[in-house]
Protein chains: 2
Amino acid sequence: MAATKDPRPCSIADALALVGEKYSLLVLREVCLGNGRFDQLVRNIGAPRDVLAARLRRLVEAGILTKRVYSERPQRFEYRATQAGLELEPVLTTLREWGDRHLRKGTDLPMVVEHSCGSPLVTRVTCEACGGVVRHEDLTARPQAPGWTLTGPATA
Amino acid sequence: MAATKDPRPCSIADALALVGEKYSLLVLREVCLGNGRFDQLVRNIGAPRDVLAARLRRLVEAGILTKRVYSERPQRFEYRATQAGLELEPVLTTLREWGDRHLRKGTDLPMVVEHSCGSPLVTRVTCEACGGVVRHEDLTARPQAPGWTLTGPATA
DNA sequence: TATGGTGAGTCCAGTTTTCCAACTCACCGG
DNA sequence: CCGGTGAGTTGGAAAACTGGACTCACCATA
């Protein structure tokens, strides 16, 4: 009598439940750029103030951002990325590169990120174990959750 | 008299406009796993059928998926990732690793991905130019869009 | 030929979210 | 005192999402 409705258990889905709402990743983008004040976020992201306030609460609660006082009297706050937040930066980097390549065809880029080595950042995702570039064909997914196979729920 | 409302021009925002809606990246997850049929997507993702149909239309239109007939009479379709779609896989990989680490603390993972080298995939993002690991502190963002600085719109 | 099942959607009523502008509240600078 | 800034909250209208039920075409089998 199990609800035949539960989706596949998955860390991607869980992560997206936290940062997949509209504007959340853009908040992280601005915070990573060092723009952590409320009004800055409103201007640079273009989100409604109430939605932004909700996102910020959620991200702080999830341990992705912290809210820090940078001035008592007038009390002023600043949001900063935690370690967990910074570890999401590769998601932003990958999305930016993808957008640059596929949506702007590599020209008229609105923002260039430079690596400390001096060149514009182009990233490569490698396997930590063997050092090789990771391609789709080299990956094999192994579901571990009980009741689930690669293709879907076990008919059980 | 420019609308003081335009957000920062940004490829991340543009990319998210395409794949940032609820379920879109989960569709890509399933398609990358080889599960490209409509009913499979419904079951494995848990999305309402009409929302899923809308997402699929949009992703096909954006050139991220293709719709392929795998059986005439009974006509049956299958969605597959295009090259552009496959290039979004690193986003999924990063999100999965982040979720595994921060949401499940590395235990009871619902899905393990194995690299062709034989070990469970753990990725590293490196700079293509110098080969070094990319860290937040090593990045410098340079806005190129006219009217925009790192911190926000130029007062013009 | 009737019965049931699959695949791929569409339709609909009801609930949530989102959007946007306006408003608050505290403080500061002149 | 007046205007401005920072950080939100409030209140509706508009859009998106939700969970079924429904369609339509095509087998399979009995």
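Letters A, B, ... mirror the listed sequences (proteins, then strands); counts begin at 1.
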Length of the line joining B:Arg68:CZ and C:dG7:C1', which is rounded to integer Å
19 Å

Mind listing the side-chain donor-acceptor pairs of residues 120-132 of chain B below 3.5 Å, one per line with the distance, residues two or more places apart or on another chain?
{"residue": "B:Thr123", "atom": "OG1", "partner": "B:Glu97", "partner atom": "OE2", "Å": "2.4"}
{"residue": "B:Thr126", "atom": "OG1", "partner": "A:Arg124", "partner atom": "O", "Å": "3.3"}

Would you mind reporting whether A:Leu103 and B:Leu18 have side-chain heavy atoms less than 4.5 Å apart?
yes

Can you check whether B:Gly63's main-chain N or O pairs, donor with acceptor, with B:Thr82's side chain at less than 3.5 Å?
yes

Could you tell me the separation between the CZ atom of A:Arg37 and the P atom of D:dG4, rounded to a whole number of Å?
20 Å

Are A:Trp148 and B:Leu109 grouped together when hydrophobic residues (ILVMFWY) are joined by side-chain heavy atoms under 4.5 angstrom apart?
no

Whole-Å gap separating P (C:dG7) and CG (B:Leu41)
12 Å

Between A:Arg43 and D:dT5, does any side-chain N or O lie under 4.0 Å from OP1 or OP2?
no

One character per nucleotide, please: for nucleotides 18-30 of chain C, 5' to 3', B when the base has a protein heavy atom closer than 4.0 Å, S when only the sugar-phosphate does, - otherwise.
SBB-B----SS--

Rounded to whole Å, please give me the gap between CZ in B:Arg58 and C1' in D:dA16.
13 Å

Where the side chain of A:Glu78 meets the backbone of A:Arg76, is there a donor-acceptor pair that is under 3.5 Å apart?
no

Grab the CZ-P distance between A:Arg57 and D:dG8 for me, whole Å please.
9 Å

Quick one: closest heavy-atom pair of B:Pro110 and B:Asp100, and the distance?
CD-OD1, 4.4 Å

With the side chain defined as heavy atoms from C-beta on, B:Ala53 is closest, among D:dA7, C:dG9, D:dG8, to C:dG9

Answer whether the closest heavy-atom distance between the side chains of B:Val19 and B:Leu28 falls below 4.5 Å.
no

Side chains of A:Lys67 and A:Leu56, heavy atoms from C-beta outward: is any pair under 4.5 Å?
no

Tell me, do A:Pro48 and A:Tyr23 make a side-chain contact under 4.5 Å, heavy atoms counted?
yes

Expressed as a whole number of angstroms, how long is the span from A:Leu56:CG to D:dG6:P?
16 Å

Interatomic distance where CG belongs to A:Leu52 and C1' belongs to D:dG8 [whole Å]:
10 Å

How is the base pairing of DNA chain C summarised as a dot-bracket string, given the Watson-Crick and G-U wobble criteria with both distances under 3.5 Å, [ ] for crossing and | for another strand?
||||||||||||||||||||||||||||||

Measure CG/A:Asn35 against C1'/D:dA7 and give the value in whole Å, please.
16 Å

